[in-house]
Amino acid sequence: MAVMYKSTRSALEPVTASQAILKGLSPDGGLFVPTEIPSLPASLEDLAPLSYRELAYEIMKLYLSDFTEEELKHCINSAYDSKFDDERIAPMKEADGIHYLELFHGATIAFKDMALSILPHLMTTSAAKNDIHNEIVILTATSGDTGKAAMAGFADVPGTKIIVFYPKDGVSNIQEKQMVTQRGDNTYVVAIKGNFDDAQNRVKALFSDKALEQELAAAGIQFSSANSINIGRLVPQIVYYVYAYTTLVREGKIKAGDEINVTVPTGNFGNILAAYYAKGMGLPIKTLVCASNENKVLYDFFADGVYDRRRDFILTTSPSMDILISSNLERLIYQIGGCDPDRNKAFMTALVNDGVYTIGDDMKVGLKDFVGGFASEAENFAGIKALYEKTGYVIDTHTGVANAVARAYREKTGDMTPMVIASTASPFKFGRAVMGAVAPEKVVDDDFALIDALSATAGVKEPFAITDIRTAPVRHNTVVDKDEMEAAVRKILGI
């Protein structure tokens, strides 16, 4: 049966995968979810020998069922190529009894590359399949990584523009440098005076503005999204959890059928939702450990079923997780609420109007696969330092949150099921914070001198993504108030 996509907020007719990718958001403001979660396409023994590209095709063809074999393989082969510095694409490293799934070997040294390398190809293929000739404008908000990875993917792709909004004081120096030096005549970067949630909320409002949509259509333009709310982002992420499992089987660390636990450093909930979908396909994941930093809205939700964004927003050294509105959680809420769009819409309306919603006891049963945990800044730093001193392995601050939470979970529960941590960024992307944890005496003011020190400390060569921005000129320097985002978009598009 072909998998279609329906909205989480109304009973609109389901759409094909390619249509959902092009739209990004449903017209009613809901997120697209698959009409069913397909089963794994073969036994785990049969999947284990496959390369990343081969496995990606086997998994993604189930969700993108209106793509031909030729179309999908073209997208996969175009994405997972020499831009990744490891032919395995997502290698695994074992350190102190935990397996780290390294998702940062792409062009921008963060896990967003895993999906954003393929999204432009999925999107342009989808446009051709649906006879769309409008210019596609990717409109996205970023807490640091999505923006750069999306721009790297879409740069100079014909028929597209990409506009990225980021919080001016809410990303690392390296993240900002990566964005403001981005090449490509169709790329635009705008800093806002506000936080990530401000940027994301206004991007969503632009997508939902019917009058603006009509105005754009008259100009031959349509919006689409590169945020993790786009199913073209979510589906490719499912692949690497299956690949992590088959890697452990292939390396003899587990037998096919053995259970694993997975810990994911979580902000917008897309990455861990992909693991949840993988479990739903039959991947033997026992527990999904949702790791939060001090913005622990998700930890509190998994503890008591109350999602409450009415709290102080804390800037941490894991900025991609500094989020109080985890957009992809809506897909889980819809699922555990019996796939009832009216019930889900009521929760989302309450979140907007009141800043809080509480799920019923019947829905809490649906959270049984999850355990929440959080790590303070001090716990994060202590864990990074301890891992380095024990093994020499250096992790970034987002992976550090997951590391601290995973080890605390093991200590509290005694559950020693093999643990996989989604390692979501290179330590070089957050060099100042990482060096502050492992060797504070080597912290210097100059960012690139700091990178040199980190390279020597970790015994790892500096990634090309860092080398590239050392001398790259700043191309984007626009800063606006959060209420001026629509005006900025209009100026860029000339409408």
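Remark: side-chain polar atoms of D86 are paired, donor with acceptor, to backbone N or O of R88 under 3.5 angstrom.
A pairwise comparison of heavy atoms in S18 and D66 identifies OG-OD2, 2.5 Å as the closest pair.
Here R407 pairs with D96 in a salt bridge; the nearest charged N to carboxylate O distance falls below 4.0 Å. Electrostatic pairing of D415 and R410 does not count as a salt bridge here, judged by no charged N lying under 4.0 Å from a carboxylate O. Salt-bridge check for K161 with E135: passed, with a basic side-chain N closer than 4.0 Å to an acidic carboxylate O. Taking 4.0 Å as the cut-off between side-chain N and carboxylate O, R432 and D396 do not count as a salt-bridged pair.
For E54, the CD atom counts as densely surrounded, since its 6.0 Å shell holds more than 12 non-hydrogen atoms of other residues, nucleotides or ligands. Other residues, nucleotides and ligands contribute over 12 non-hydrogen atoms within 6.0 Å of the CZ atom of R475.
Ring-centre distance between Y5 and F32: not below the 6.0 Å cut-off. Annotation: Y166 is not in aromatic contact with F196 [ring centroid separation under 6.0 Å not met]. Aromatic pair H398/F430: ring centres closer than 6.0 Å. Taking the centre of each ring, Y245 and Y241 stay at or above the 6.0 Å mark.
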Show me, pair by pair, the donor-acceptor contacts under 3.5 angstrom made by side chains of residues 229-240, not counting sequence neighbours?
{"unit_1": "N230", "atom_1": "OD1", "unit_2": "G232", "atom_2": "N", "d": "2.7"}
{"unit_1": "N230", "atom_1": "ND2", "unit_2": "I21", "atom_2": "O", "d": "3.0"}
{"unit_1": "N230", "atom_1": "ND2", "unit_2": "S225", "atom_2": "O", "d": "2.7"}
{"unit_1": "R233", "atom_1": "NH1", "unit_2": "A226", "atom_2": "O", "d": "2.5"}
{"unit_1": "Q237", "atom_1": "NE2", "unit_2": "Y240", "atom_2": "OH", "d": "3.0"}
{"unit_1": "Y240", "atom_1": "OH", "unit_2": "N271", "atom_2": "OD1", "d": "2.7"}

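Among I254, D258, N261, the single residue meeting the side-chain contact (heavy atoms from CB on, under 4.5 Å) criterion with T417 is N261.
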F428/F104 under ring-ring contact (aromatic ring centres under 6.0 Å, His included): CA gap, chis, key distance, verdict: CA-CA 10 Å; F428 288 95; F104 52 76; 9.2 Å; no
